[in-house]
Amino acid sequence: MKRILESPKCDSDGDHAARWIEPAAVLDRLRREALIPRGWKVRELLIQRVFPAKPSSFGVQYRLVVHHARQGTAQGSVYLSPLVQSVSRPMPALKIDPTGVFTLTGLAVPVDGGRMLLHTADRDPQLPDLRAATSPLAMSRRLKLGYRARCRCLSYRPGKRCTLAYVDKHQSERFVVGKVFSNGLFDSAPALHRRVRAALQKATSDPFEIPRVLRSLADLRMIVFTGVPEVNGMCRTDLAVAAGRVLAGLHEIRNATHTPFRIEDETKAVERWIILIDRLRRLDSRTRRLHFWMKRVGRRLQQGPRVLLHRDFYDAQLVATRGGWALVDLDTVGVGDRELDIANYVAHLIWNGIRTYGPRKARREAATFLHSYLKRQRGKFPGLNGRRLRFYLVSSLVRVSLIHSLRSGEQVAAKSLLRVAERWARCPAQRCLPRLVNSRKD
């Protein structure tokens, strides 16, 4: 591992892999591999997401902007994934439907000697047939919805999961959400959600909710949840206060039996991203220095009192409802240091501040969030540990920077986030929490 991180590779595999994140080269490859419908032209290709994938590989989401003289401009996604199982027959014909659940469909072409697959979401060989799951008429009948539904894709991760909403055509607030899984989460998620809901009801009387499991469909590997209708107009301050209270309520759940997440697990999670970025020839010396800092500091840290962790807690995981707030996406729940959830939330605020509304506003929002959390936690736990908070904040900032460093148009902001991580790594541990909390006075 040390050799990989300290010196660049000299083999051709890294150079070849790096071509898949060069938009012009990928666009040329796509035009050669895919049969694009007559009349449509690809205007632009953007790197929307790059992610580690097993076994020792990577995946890419490409955002395509296509144009037709009569139908106008549309956007959709094509994916590159490791080919872990054979494809019965190549499907090079790309279909374009601007009104469909997926704008781009019908593509599944092995590339790189069969090691990778260039495909659309509906042709993911590791997921059940999404064409059946995205049929509004069939799913309305099967789920006994009692209304005519339209289907929307909320999120999709190649080879992992696809989240679909079945929305009433006449009442947009009326819907259910179905999650299609490829792995063991289909078996474990229902029981996990029920345990967390029950524990949350005992731990707090605050008006916040977790989507309820309605049913499971084994053939689609789909779990169906109640929909959470969102209320517009909530300001960022309201969100920060609610986030502090919701997270504190979640952390009040003691003696949870979920999967432990340890300090070394956090280091390894960042390390996976570093190995990927290094393979794609985009890793800089600043990231290497921060990674070595993490390993050195992490070895000396002690695990704190274990609490129930969301593990992917940031502002988009909270939904404002008429009755309060709802916490969503519990797929990564575990137990470990509460400083991890806090640092992850703050790191995302800093990132949003760099990209959109400014660092000063982000600092104030982080301070409001921490005040809300600490007010709710007063007298129930020992104080937050400054060393652990600093470690998780630096690691979260590095991870968020690495995730965005390969996305089209976000490279400069990602480097700015690394500079912020360096400043926090130099901050004395005992000053970490006071510095965050007092940012509200800036």
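Note that the coordinates shown come from a computational prediction; the quantities given were computed from them, not determined experimentally.
- Within 6.0 Å of CZ in R215 there are more than 12 heavy atoms belonging to other residues, nucleotides or ligands.
- Not a single side chain to side chain contact (heavy atoms under 4.5 Å, CB included) links Q302 to another residue, sequence neighbours left out.
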Review point. Checking ring-ring contact (aromatic ring centres under 6.0 Å, His included) for the pair F313/Y345: CA distance, chi angles, key distance, verdict?
Key: CA-CA 6 Å; F313 188 72; Y345 191 90; 5.2 Å; yes

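- Classification of R289 and E422 as a salt-bridged pair holds, one side-chain N sitting under 4.0 Å from a carboxylate O.
- Looking only at side-chain heavy atoms (C-beta outward), V180 and P128 come within less than 4.5 Å of each other.
- Looking at T134, its side chain does come within 3.5 Å of a backbone N or O of L130 through a donor-acceptor pair.
- Using a 4.5 Å heavy-atom cutoff, the side chains of R152 and V101 are not in contact.
- Taken to the nearest 0.5 Å, the CZ atom of R388 stands 12.0 Å off from the CG atom of L433.
- Among residues two or more places apart in sequence or in another chain, the ring-ring contact (aromatic ring centres under 6.0 Å, His included) test is passed with Y79 by H119, Y156.
- A donor and an acceptor atom, one from each side chain of S182 and Q126, are nowhere located under 3.5 Å apart.
- Figure legend: cation-pi geometry between R435 and W424, with NZ or CZ positioned under 6.0 Å from the six-membered ring centre and within 45° of its axis.
- For S372 (side chain) and V241 (main-chain N/O), a donor-acceptor pair under 3.5 Å exists by modelled atom type.
- Looking only at distances, no side-chain donor or acceptor of D112 sits under 3.5 Å from a matching main-chain atom of R115.
- We find the OG-CG distance between S57 and L276 to be 8.5 Å, quoted to the nearest 0.5 Å.
- Residues forming a ring-ring contact (aromatic ring centres under 6.0 Å, His included) with F186 (at least two apart in sequence, or on another chain): none.
- Not counting sequence neighbours, the partners of R142 by the salt bridge (Lys or Arg N to Asp or Glu O under 4.0 Å) test are D219.
- Remark: the backbone N or O of V412 is paired with a side-chain donor or acceptor of S416 at under 3.5 angstrom.
- Residues L370 and L436 come closest through the heavy atom pair CD1-CB, 3.5 Å.
- A distance-only check finds no donor-acceptor pair linking the side chain of R306 to the backbone of V335 [under 3.5 Å].
- Residues V270 and K295 form no side-chain contact, since every pair of their non-hydrogen atoms from C-beta on lies 4.5 Å or further apart.
- Residues T163 and K179 have side chains in contact (heavy-atom distance under 4.5 Å, counting atoms from C-beta outward).
- Legend: residues meeting ring-ring contact (aromatic ring centres under 6.0 Å, His included) with Y314, ordered by chain and number and at least two apart, are H348.
- Judged by distance alone, with hydrogens and angles left aside, the side-chain atoms of S401 form a donor-acceptor pair with the main-chain N or O of A414 at under 3.5 Å.
- Distance alone, capped at 3.5 Å, places no donor-acceptor pair between the R431 side chain and the P428 backbone.
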Review point. Would R311 and E266 count as a salt bridge (charged side-chain N to carboxylate O under 4.0 Å, His left out) if you check the C-alpha gap in whole Å, the side-chain angles of each, and the deciding distance to 0.1 Å?
Key: CA-CA 10 Å; R311 283 190 51 218; E266 175 71 3; over 6 Å; no

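- With rounding to the nearest 0.5 angstrom, the CG atom of D312 is 11.5 Å from the CG atom of L309.
- Scored by the side chain to side chain donor-acceptor pair (under 3.5 Å) test, Q303 finds D337 as partners (sequence neighbours excluded).
- Among residues at least two apart or in separate chains, salt bridge (Lys or Arg N to Asp or Glu O under 4.0 Å) pairs with a member in residues 121-130 are D129-R131.
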**Study point:** Test log, rule salt bridge (charged side-chain N to carboxylate O under 4.0 Å, His left out), inputs D265 and R262
**Key:** CA-CA 5 Å; D265 294 325; R262 301 158 298 181; 3.2 Å; yes

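- The neighbour count for R174 CZ, taken as heavy atoms of other residues, nucleotides or ligands under 6.0 Å away, is above 12.
- Although no hydrogens or angles enter the test, the distance criterion places no donor-acceptor pair under 3.5 Å between the side chain of S81 and the main chain of P158.
- Counting heavy-atom neighbours within 6.0 Å of R197 CZ, excluding the residue itself, gives a total above 12.
- Looking at heavy atoms from C-beta onward, T321 lies out of side-chain contact with F208 at the 4.5 angstrom threshold.
- Among residues two or more places apart in sequence or in another chain, the side chain to side chain contact (heavy atoms under 4.5 Å, CB included) test is passed with A132 by L220.
- In this structure, S395 OG and L393 CG are separated by 8.0 Å, a value rounded to the nearest 0.5 Å.
- Between D168 and F175, the closest side-chain pair of non-hydrogen atoms is not below 4.5 Å.
- Residues Q75 and L104 form no side-chain contact, since every pair of their non-hydrogen atoms from C-beta on lies 4.5 Å or further apart.
- For the atom pair CZ (R363) and CZ (R360), the distance works out to 6.5 Å, reported to the nearest 0.5 Å.
- Residues H310 and Q317 have side chains that never bring a donor and an acceptor to within less than 3.5 angstrom of each other.
- Residues satisfying the side chain to side chain contact (heavy atoms under 4.5 Å, CB included) criterion with V26, sequence neighbours excluded, are W20, L45, Y62.
- With no hydrogens or angles considered, no side-chain donor-acceptor pair links T105 and T120 at under 3.5 Å.
- Although no hydrogens or angles enter the test, the distance criterion places a donor-acceptor pair under 3.5 Å between the side chain of H193 and the main chain of A189.
- Among pairs with a residue in residues 410-419, those fulfilling salt bridge (Lys or Arg N to Asp or Glu O under 4.0 Å) read R355-E410, at least two apart in sequence or across chains.
- Remark: the backbone N or O of G409 is paired with a side-chain donor or acceptor of Q411 at under 3.5 angstrom.
- In this structure the side chain of E173 reaches within 4.5 angstrom of the side chain of R322, judged on heavy atoms.
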Exercise for review: Start with the C-alpha distance between D331 and R161, add both sets of side-chain angles, then the distance that settles side chain to side chain contact (heavy atoms under 4.5 Å, CB included), and finish with yes or no.
Suggested key: CA-CA 10 Å; D331 298 344; R161 60 187 172 273; 3.8 Å; yes

Check your understanding: For R426 and R390, what are the C-alpha separation, side-chain angles and deciding distance, and is it a side chain to side chain contact (heavy atoms under 4.5 Å, CB included)?
Key -> CA-CA 10 Å; R426 292 193 295 266; R390 182 183 62 170; over 6 Å; no

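- Residues passing the ring-ring contact (aromatic ring centres under 6.0 Å, His included) test with F261, sequence neighbours excluded: none.
- L384 contributes atom CG, which lies 6.0 Å from atom OH of Y373 (distance to the nearest 0.5 angstrom).
- With 3.5 Å as the limit, one finds a donor-acceptor pair spanning the side chains of R63 and S77.
- Heavy atoms from other residues, nucleotides or ligands lying under 6.0 Å from CZ of R296 number more than 12.
- Summarising the geometry of A53 relative to G59, their closest heavy-atom pair is CB-N, 4.3 Å, with the distance given to 0.1 Å.
- Between the side chains of N344 and R399, at least one donor-acceptor pair of N or O atoms lies under 3.5 Å.
- In this structure, the side chain to side chain contact (heavy atoms under 4.5 Å, CB included) partners of P190, at least two apart in sequence or on a different chain, are R194, V213, S216, I223.
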